[in-house]
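Below: one structure, written as structure tokens.
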Amino acid sequence: MADYQIINPYTGNLIEAYHFASEQDIDRALTTLAAGRALQHEVPAYERSNILMCLAQLLLERKEDLAQLITEETGKTISDSRVEIDRAYNTALACAMEARAINGEALDSDSFPPQREKIGIVLWKPLGTVLCITPFNFPINIAMHKIGPAFAAGNTILFKPGPQNKRSAEFFVALCYSAGMDESVLQMVIPDIDATGYAVAHSQVHAINFTGGTAAAKAIAARAGYKKLLFELGGNDPLIVMQDADLDRAVSAAINQRFATAGQRCTAAKRVFVHRQIYNAFRDKLILAAEKLKVGDPTEEDTFVGPLIHAGAAGQVEARINSAIENGARVLVGNRREGNIVWPTVLENVPDDAELVAEETFGPVIPLRVFDTVDELVSLVNVSSFGLQAGVFTRDLLLAKQLFNRLDVGLLAVNDGPGFRAEHFPFGGVKESGIGREGVRYAIREMSIQKTLVL
Ligand SMILES: NC(=O)c1ccc[n+]([C@@H]2O[C@H](COP(=O)([O-])OP(=O)(O)OC[C@H]3O[C@@H](n4cnc5c(N)ncnc54)[C@H](O)[C@@H]3O)[C@@H](O)[C@H]2O)c1
Ligand SMILES: O=CCS(=O)(=O)O
């Protein structure tokens with residue numbers, strides 16, 4: 001009897017059934033990677049860069065194969081899956097470039113008495129073996145954001161993808177090997193949660209680079225003990241529409257950053273705050289745009305919203321919509337579910353304490369919240385336990401700077417939504433949205449140690 005069944009979220013068909021890796025499998029992989037640490041020490045940075053450049057090229061060449069695998073295993077629309085591979089190419093390219101630029105600094109001891117004639121040379125060195133754990137929703141680009149910088153920094157990598165993503169992960173690892181990564185430098189295992197905890201606590205794991213939900217991160221932190229943690233976690237990101245906003249651009253951001261990937265993005269616009277002066281105009285435009293979206297088969301080129309990852313996820317979103325309605329919310333669009341598909345839904349008058357807005361809702365639902373003052377807005381945004389990214393539409397740069405300083409987030413995008421991401425920009429949040437920063441150069445630093453030579 002297999003441990004896990006990969007089910008196509010749209011068709012319900014069985015894709016593959018398999019057994020999880022055991023603790024013995026993890027031991028074997030980590031023993032291999034321990035040997036690989038010596039190999040990594042011998043490989044110069046430019047060779048690591050060339051391997052990453054080759055991987056970037058292979059991602060482009062095999063884009064359609066990978067996109068089809070992602071759509072099959074996650075239900076992500078084929079257009080969204082292709083975008084993910086384009087992003088992974090950019091990430092790999094950035095890793096190749098940054099691998100050649102892991103430079104330190106030189107310090108002169110004369111800055112302070114009594115030391116004279118001493119020079120401090122500060123360099124970045126690899127941490128050792130990094131356990132990279134990835135979520136279901138961007139199985140290739142998030143893996144690239146972990147494996148690429150870890151490899152560029154000279155580490156060895158134990159890669160643990162989501163159980164749903166076995167096939168796309170195997171394909172990706174095969175591309176890494178084809179590009180030149182040695183099997184003693186990169187190993188992949190898919191254990192169950194408890195055995196993953198065994199890997200987390202393993203003495204041959206020196207750092208854990210995790211992307212996923214906050215609950216899982218807390219469980220990992222509890223088992224990890226004394227080692228480096230890099231956490232990219234949940235979000236409840238606000239999209240803010242001020243009274244001077246370009247409404248058409250704001251509507252487009254709300255549609256693309258909440259309903260694409262069926263809303264299953266950490267940086268999705270999960271709460272939309274609209275100034276009272278333009279609330280009705282924005283709401284009416286948003287309703288018209290949402291009603292035009294094609295919903296259904298993710299393999300069709302023009303489908304905009306596909307299924308959620310599984311019935312439990314769709315059920316949770318449906319339950320939160322129903323609870324909000326029972327407590328006074330009004331449905332403007334949607335509120336329809338068929339199997340794993342939840343139609344794009346827009347609600348207003350949602351209670352501030354409704355789970356739909358108080359928790360991270362991973363689905364295609366926009367709760368509209370009207371506001372009157374900046375102080376009220378800041379309080380509404382910052383009350384969340386999350387603090388990943390925010391987006392504000394305004395022509396007032398002084399206001400943008402004020403919000404940048406007052407909002408508890410890792411990034412504020414101006415005249416864009418919270419879903420903005422450039423692969424080489426710093427990426428990460430505060431509070432329960434994570435610890436540390438990804439974004440290629442920053443991830444390299446997170447998975448390195450600073451070592452100083454004094455001459
Ligand atoms: N901040 C980011 O960059 C980012 C990006 C994508 C997704 N996410 C977040 O990920 C979540 C959705 O993805 P998901 O459903 O795959 O998340 P998840 O937390 O359920 O799983 C993420 C990964 O961790 C593993 N895992 C789960 N529980 C674990 C445990 N107790 N110990 C060790 N490993 C464990 C899973 O097998 C999977 O590989 C959302 O909260 C989303 O916001 C964050
Ligand atoms: O789920 C979030 C990942 S990303 O699309 O913001 O990189």
Side-chain angles (χ1 to χ4, degrees), residues 3-4 20-21 26 73-74 76 80 83-84 86-88 90-91 131-146 159-166 169 188-201 205 208-224 229-237 256-257 260-270 308-310 312-313 316 359-363 385-389 391 409-411 413 417-439 443:
D3 298 319
Y4 189 86
F20 285 127
I26 291 167
E73 68 191 18
T74 67
K76 185 183 283 189
D80 282 342
V83 168
E84 180 179 348
D86 289 339
R87 291 182 57 191
N90 290 334
T91 305
L131 170 57
C132 295
I133 303 174
T134 54
F136 78 86
N137 62 342
F138 288 83
I140 300 303
N141 192 41
I142 291 176
M144 192 66 239
H145 266 291
K146 297 180 182 307
F159 173 34
K160 208 299 285 181
Q164 184 77 6
N165 309 111
K166 178 175 179 286
M188 177 179 127
V189 292
I190 308 182
D192 64 15
I193 296 299
D194 189 53
T196 303
Y198 171 81
V200 160
V205 168
I208 296 155
N209 186 339
F210 170 81
T211 293
T214 304
K218 290 178 177 176
I220 289 168
R223 287 202 65 170
L229 302 177
L230 176 55
F231 283 161
E232 295 285 356
L233 307 181
N236 202 358
D237 292 3
N256 287 301
Q257 296 185 14
T261 68
Q264 298 171 114
R265 271 188 79 192
C266 57
T267 51
K270 301 186 179 97
L308 297 186
I309 187 66
H310 49 59
Q316 182 186 70
E359 302 298 327
E360 177 184 41
T361 297
F362 228 49
S385 62
F386 292 104
L388 191 49
Q389 303 197 155
V409 292
L411 176 146
F420 169 87
R421 186 168 184 189
E423 312 307 333
H424 60 302
F425 279 26
F427 182 73
V430 297
K431 300 193 284 188
E432 298 210 333
S433 288
I435 301 170
R437 289 293 179 266
E438 285 195 328

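Just so you know, ligand 1 is whichever comes first in the structure, and atom 1 is the first atom listed for that ligand.
By the 6.0 Å and 45° rule, K218 does not stack over the aromatic ring of F231.
Taking a cutoff of 4.0 Å between a charged side-chain nitrogen and a carboxylate oxygen, R87 and D80 do not qualify as a salt bridge. The pair E438-K146 meets the salt-bridge criterion, with a side-chain N (NZ, NE, NH1 or NH2) lying under 4.0 Å from an Asp/Glu carboxylate O. Salt bridge status for R437 with E232: absent, with no side-chain N to carboxylate O gap under 4.0 Å.
Between F20 and Y4, the ring-plane angle classifies as tilted under the 30° and 60° cut-offs.
Closest approach of V200 and I220 over heavy atoms only: CG1-O, 3.6 Å.
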Which protein N or O atoms sit under 3.5 Å from any N or O of ligand 1? Give atom names and distances.
residue: ligand 1; atom: 1 (N); partner: L233; partner atom: N; Å: 3.3
residue: ligand 1; atom: 1 (N); partner: L233; partner atom: O; Å: 2.7
residue: ligand 1; atom: 16 (O); partner: F136; partner atom: N; Å: 3.1
residue: ligand 1; atom: 19 (O); partner: G213; partner atom: N; Å: 2.8
residue: ligand 1; atom: 37 (O); partner: K160; partner atom: NZ; Å: 2.7
residue: ligand 1; atom: 39 (O); partner: T134; partner atom: O; Å: 2.8
residue: ligand 1; atom: 39 (O); partner: K160; partner atom: NZ; Å: 2.8
residue: ligand 1; atom: 41 (O); partner: E360; partner atom: OE1; Å: 2.7
residue: ligand 1; atom: 43 (O); partner: E360; partner atom: OE1; Å: 3.4
residue: ligand 1; atom: 43 (O); partner: E360; partner atom: OE2; Å: 2.6

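Residues of the protein with a heavy atom under 4.0 Å from ligand 2 are R87, N137, F138, R265, C266, T267, R421, F427, listed by chain and number.
Separating the CG atom in N141 from the CG atom in N90 is a distance of 8.5 Å, to the nearest 0.5 Å. Taken from SG in C266 to CZ in R421, the straight-line distance is 7.0 Å, to the nearest 0.5 Å.
With contacts defined as side-chain heavy-atom distances shorter than 4.5 Å, the pair T211/I133 does not qualify.
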